[in-house]
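Chain A is the first sequence line, chain B the second, and so forth, proteins listed ahead of strands; every chain is numbered from 1.
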Amino acid sequence: DNGLSVKEVYERLLLIAKYAGEGSQEKKVSELAKLLSELDQLSAKFVARIVLGRLRLGFSDKTILDALSVAERGDKSARKKLDEAYQIRPDAGHLAAAVLAKGLDKALANLEVEVGVPVMPALCQRLNSAVAIIEKMGTVAAEQKFDGTRVQIHFRRSGFRNQNSDGPTNQVRTFTRNLEENSQMFPELSRLGEWVKGDEAVFDSEAVGIDIKTGKTLPFQVTITRKRKHGVTETAKAVPLQFYLFDILAKDGRTLLSEPYFERRKVLVETIKENKTLVVDETHRTTDPVELHKWHEEFLAEGFEGAVIKKWDGPYLPGRQGWNWVKIKEKEGSTGKLSDTLDLVVMGYYRGRGKRTGFGLGAFLVGVAQDDPPSHKATEGQGKVVTIAKIGTGLSDDQFRDLKKRLDDLVVREMPKEYEVDKALIADVWVEPKVVVEIAADEITKSPVHTAGVALRFPRLIKFRDDKNLSGVTTLSEVEEIS
DNA sequence: GATGTCTGCCCC
DNA sequence: ATTCTGC
DNA sequence: GCAGAATGGGCAGACATC
């Protein structure tokens, strides 16, 4: 209607995306405003969604693979083959173009890992019982779960050609779990050639920061400071990394994805010379749930995040597929890695987006009572309620509706005086501190925004505690005990 | 130059 | 990351 | 069980503003 083609809209969005530097935000706003005003109502809605990355069409990459199969064959019979191709080149756009240009058979002919091109990483399912794990998986390998960052390491002795052709050639490329290249982050991998036997290899690993003084692994919050653009070498010195290698996906032209796990481990061990930076992780073969349980308990006691369990003869499968790789974090039978759940009071809520728009509530803010020791100046901090987490998961659709209804009876116009809340967490709607919820979490961390001074990592609702009121809520000193 | 706010095919 | 839900 | 879509804490960077 408005004469703008899809291509034109695409080109204008691309232009807007590329603005940078001083005044760029202003420019982006005005250019997007101009574009939106040229569109009809319906087009404007979807262009806005494109910009926000919230198209909400109800399908994603995997559904496109189904569609490609149907387009070429009239049914979903090619999906398996497409999945395999997608694993070694996880780019639905590229795949669609190749299939339509060459046809299914030619496009899917060469299914080999290409060193330098990221492979879709294997992910873990969750299961919280050693018995269930052995039942589903049979013989397994039990390994420590490191709380670091996933790194897929590609090595080619002859070097990768740089995109800017004149630069020096690097022997190493690395990728995140989301297939983002982050080679610049790891100067310590420049010596990889000394530690690898062979000319080409692709490894899977978890990188963890190491405390220079104690030699112990650092918490995730410290490790992740290595994800940066500036000051890379300085930070690399202050927070050196150890890469715990647990898999090898290709070596010297041989794709290993469908080799059984124990076989890949054998190749892995043969490929790595002993060194301080690349460490092949421990693995323990077992078929016994009691023994598996013991390993899990031991890893937790040693301070690891938990255990990763892998089917002994399983292939390297992309994503969470079947019962191939499984993680256990919390103790068996408990919810959340924290030793206890917390009873917290609802302070306010936020309107939801997408599916949750209809509920009128997408997340809510919870807090604890600040219990100053009585010896202190009695007035200060008395009766204050401070924030410790925002909760947006763990509720069924019915519970969302139910909570909204309850909170509506408690709405107050202004934030209650006893609340202490950071600007970044200002709720859309404030409520009196009457509703108490039981919350599970994995960890208590030092927080820059939550006024309790600490926050919950991976918080989720367990249930409503109608039997409790504000006076029964977990106190700040009790929180410190749990952590 | 210091501080505040927001974003990220972010990391978990 | 965790969790819920439609298919 | 898969695939998708809701949502969490918190880091460095980029840009705006004081």
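Contacts with DNA chain D (heavy atom under 4.0 Å) in residues 53-74 of chain A: Arg54(A), Arg56(A), Leu57(A), Gly58(A), Phe59(A), Ser60(A), Lys62(A), Thr63(A), listed by number.
With hydrogens and angles left out, the side-chain atoms of Ser396(A) and Asp398(A) include no donor and acceptor closer than 3.5 Å. Counting only N and O atoms by type, the side chains of Asp61(A) and Tyr86(A) include a donor and acceptor under 3.5 Å apart. Between the side chains of Ser183(A) and Glu181(A), at least one donor N or O lies within less than 3.5 Å of an accepting N or O.
Side chain of Asp211(A) to backbone of Lys213(A): a donor-acceptor contact under 3.5 angstrom is found. Side chain of Asn324(A) to main chain of Pro315(A): a donor-acceptor pair is present (N/O by atom type, distance under 3.5 Å, no hydrogens or angles). For the pair Glu206(A) (side chain) and Phe246(A) (backbone), a donor-acceptor distance under 3.5 Å is absent.
Helical stems in DNA chain D, defined as runs of 3 or more consecutive Watson-Crick or G-U wobble pairs with both donor-acceptor distances under 3.5 Å, are listed by first residue as B:1-8 with D:11-18, B:10-12 with D:8-10, C:1-7 with D:1-7.
Remark: Arg353(A) CZ is loosely packed, at most 12 non-hydrogen atoms of other residues, nucleotides or ligands lying under 6.0 Å away.
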Per-nucleotide protein contact along nucleotides 8-18 of chain D, 5' to 3', at a 4.0 Å heavy-atom cut-off (B base, S sugar-phosphate only, - neither), is BBSSSSSSS--
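The side chain of Ser396(A) sits closest to dC4(C) out of dA6(D), dA1(C), dC4(C).
OP1 or OP2 of dA1(C) lies within a sub-4.0 Å distance of a side-chain N or O belonging to Lys145(A).
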